[in-house]
Amino acid sequence: MLILKRLPAKFYGQNTLKLAQKLLGKYIIRIDKNHKLIGKIVETEAYYGPSDLASHAAKGKTPRTKIMFDQAGLAYIYLIYGMYYCFNIVTERPDFPAAILIRAVEPIAGIPEMLKNRKCHPEHSRRVTRPSHGSTEPALSQTEGLTMTKTLTNGPAKFCQAFKIERKLNGLDLKNSRILYLAENPQEKIKPARISQVKRIGIDYAGPYKHKPWRFYLKDNLFISRE
DNA sequence: CCTGGGATTTTCT
DNA sequence: GAAAATCCCAGGA
């Protein structure tokens with residue numbers, strides 16, 4: 001049985017780069033129209049401070065980026081390429097702009113609903129069977145035996161589509177929201193050796209900051225956006 | 001397997 | 001007016 005506890009407010013007070021790693025293996029829970037969608041975070045990217053040229057906040061506080069300058073634990077959701085959304089968790093103190101982009105999750109529960117939200121029929125996607133985890137992993141009866149699609153949530157915009165995360169949720173406080181929040185399984189620990197730290201994706205415009213190794217992912221997880 | 005281009009609209013210059 | 005923290009599909013090897 002999977003027991004999930006909401007992450008406490010103090011969790012969000014950690015340094016952004018540390019938090020981006022601590023978020024790996026944590027769960028995102030989304031309640032939408034009586035459906036409970038759950039995903040395990042497997043890939044993150046940190047956008048860190050006013051001088052990070054990859055960050056939207058590099059151009060200062062604007063109507064769009066003001067959430068990044070707000071308190072830790074808020075949701076920063078923005079439209080990208082005119083048609084997709086990306087979801088971030090705001091970090092650090094007010095007026096120090098920083099956030100962590102959720103780049104990929106592993107679908108855990110509510111998968112039929114995610115497929116509907118993504119508007120793709122199961123047989124249109126490549127099917128994979130869930131890997132059997134080691135004994136440290138609890139049995140997940142809801143997903144055990146199910147076939148899942150590898151491409152359902154393995155990208156920042158795919159994840160948002162599957163979890164119905166849209167602009168109206170921008171600014172939501174993840175620390176107390178009932179419809180979108182983060183949680184952990186207290187028995188589940190991620191060893192540092194399981195984490196890869198590499199360069200961020202899709203930020204060629206960021207000058208020297210494009211080489212910062214601020215992307216983190218769980219090695220050997222099937223639902224990573226890219227190696 | 002890989003590469004290239006189109007979709008679509010907000011945001012800030 | 002240009003660019004964008006992306007995705008998907010088509011076409012070639």
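Note that these values count all heavy atoms, side chains included, but never hydrogens, waters or copies made by symmetry. Throughout, a chain's letter reflects where its sequence line sits, starting with A, and its residues are numbered from 1.
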Touch check for [X], heavy atoms < 4.0 angstrom, all strands: base, sugar-phosphate only, or nothing?
{"X": "Arg200(A)", "result": "nothing"}
{"X": "Arg226(A)", "result": "nothing"}
{"X": "Ile203(A)", "result": "sugar-phosphate"}
{"X": "Ala157(A)", "result": "sugar-phosphate"}

request  = Take Arg167(A) and Ile80(A), find for each the nucleotide of DNA chain B with the closest heavy atom, and name the residue whose nucleotide sits nearer the 5' end.
outcome  = Ile80(A)
Separation of [N] [atom2] from [X] [atom1] (nearest whole Å):
{"X": "Tyr81(A)", "N": "dG5(B)", "atom1": "OH", "atom2": "C1'", "answer": "13 Å"}
{"X": "Lys150(A)", "N": "dC7(C)", "atom1": "NZ", "atom2": "P", "answer": "15 Å"}
{"X": "Met68(A)", "N": "dA5(C)", "atom1": "CE", "atom2": "P", "answer": "11 Å"}
{"X": "Leu101(A)", "N": "dC7(C)", "atom1": "CG", "atom2": "C1'", "answer": "14 Å"}
{"X": "Leu152(A)", "N": "dC7(C)", "atom1": "CG", "atom2": "P", "answer": "12 Å"}
{"X": "Asp204(A)", "N": "dA3(C)", "atom1": "CG", "atom2": "C1'", "answer": "13 Å"}
{"X": "Lys66(A)", "N": "dC12(B)", "atom1": "NZ", "atom2": "P", "answer": "11 Å"}
{"X": "Leu53(A)", "N": "dA4(C)", "atom1": "CG", "atom2": "P", "answer": "12 Å"}

Whether [X] contacts [N] is assessed here as follows: a side-chain N or O lying under 4.0 Å from the phosphate OP1 or OP2. Is that the case?
{"X": "Lys59(A)", "N": "dT11(B)", "result": "no"}
{"X": "His56(A)", "N": "dT11(B)", "result": "no"}
{"X": "Arg118(A)", "N": "dC8(C)", "result": "yes"}

Integer angstrom distance from the C1' of dA5(C) to that of dT3(B) = 22 Å
ask   = Should Phe159(A) and Ile165(A) count as side-chain neighbours, where that means a heavy-atom distance under 4.5 Å?
value = yes
remark   = Where DNA chain B forms runs of at least three Watson-Crick or G-U pairs (i with j, i+1 with j-1, under 3.5 Å), the stems are B:1-7 with C:6-12, B:9-12 with C:1-4
key: Derivation and outcome, side chain to side chain contact (heavy atoms under 4.5 Å, CB included), residues Thr91(A) and Tyr47(A)   = CA-CA 9 Å; Thr91(A) 59; Tyr47(A) 290 83; over 6 Å; no
query = Between NZ of Lys210(A) and OH of Tyr205(A), what distance do you get to the nearest 0.5 Å?
reply = 11.5 Å
Sequence neighbours left out, cut at 3.5 Å: what donor-acceptor pairs do the side chains of residues 67-78 of chain A make with other protein atoms?
{"from": "Gln71(A)", "atom 1": "OE1", "to": "Lys175(A)", "atom 2": "NZ", "distance (Å)": "3.0"}
{"from": "Tyr76(A)", "atom 1": "OH", "to": "His56(A)", "atom 2": "ND1", "distance (Å)": "2.7"}

query = What about Tyr78(A), does its side chain sit under 3.5 Å from the base of dA5(C) through a donor-acceptor pair?
reply = yes
query = With the threshold set at 4.0 Å, does a side-chain nitrogen-carboxylate oxygen contact exist between Glu188(A) and Lys40(A)?
reply = yes
ask   = Between Lys26(A) and Thr44(A), does a side chain to side chain contact (heavy atoms under 4.5 Å, CB included) hold up when you go through it step by step?
value = CA-CA 11 Å; Lys26(A) 300 295 191 287; Thr44(A) 60; over 6 Å; no
request  = Determine the sole option in Thr153(A), Leu180(A), Ile31(A), Asn117(A) for which the side chain to side chain contact (heavy atoms under 4.5 Å, CB included) test with Leu37(A) is passed.
outcome  = Asn117(A)
query = More than 12 heavy atoms of other residues, nucleotides or ligands under 6.0 Å from NZ of Lys66(A): is that the case?
reply = no
key: Asn176(A), CG atom: more than 12 neighbouring heavy atoms under 6.0 Å   = yes
key: Centroid distance under 5.5 Å and plane angle under 30°, Tyr205(A) vs dA3(C)   = no
Of residues 82-92 of chain A, the positions that come close to DNA chain B - non-hydrogen atoms, cut-off under 4.0 Å = Gly82(A), Met83(A)
inquiry  = For Asn154(A) and Lys150(A), which I'm curious about, is there any donor-acceptor pair between the side chains at under 3.5 Å?
reply    = no
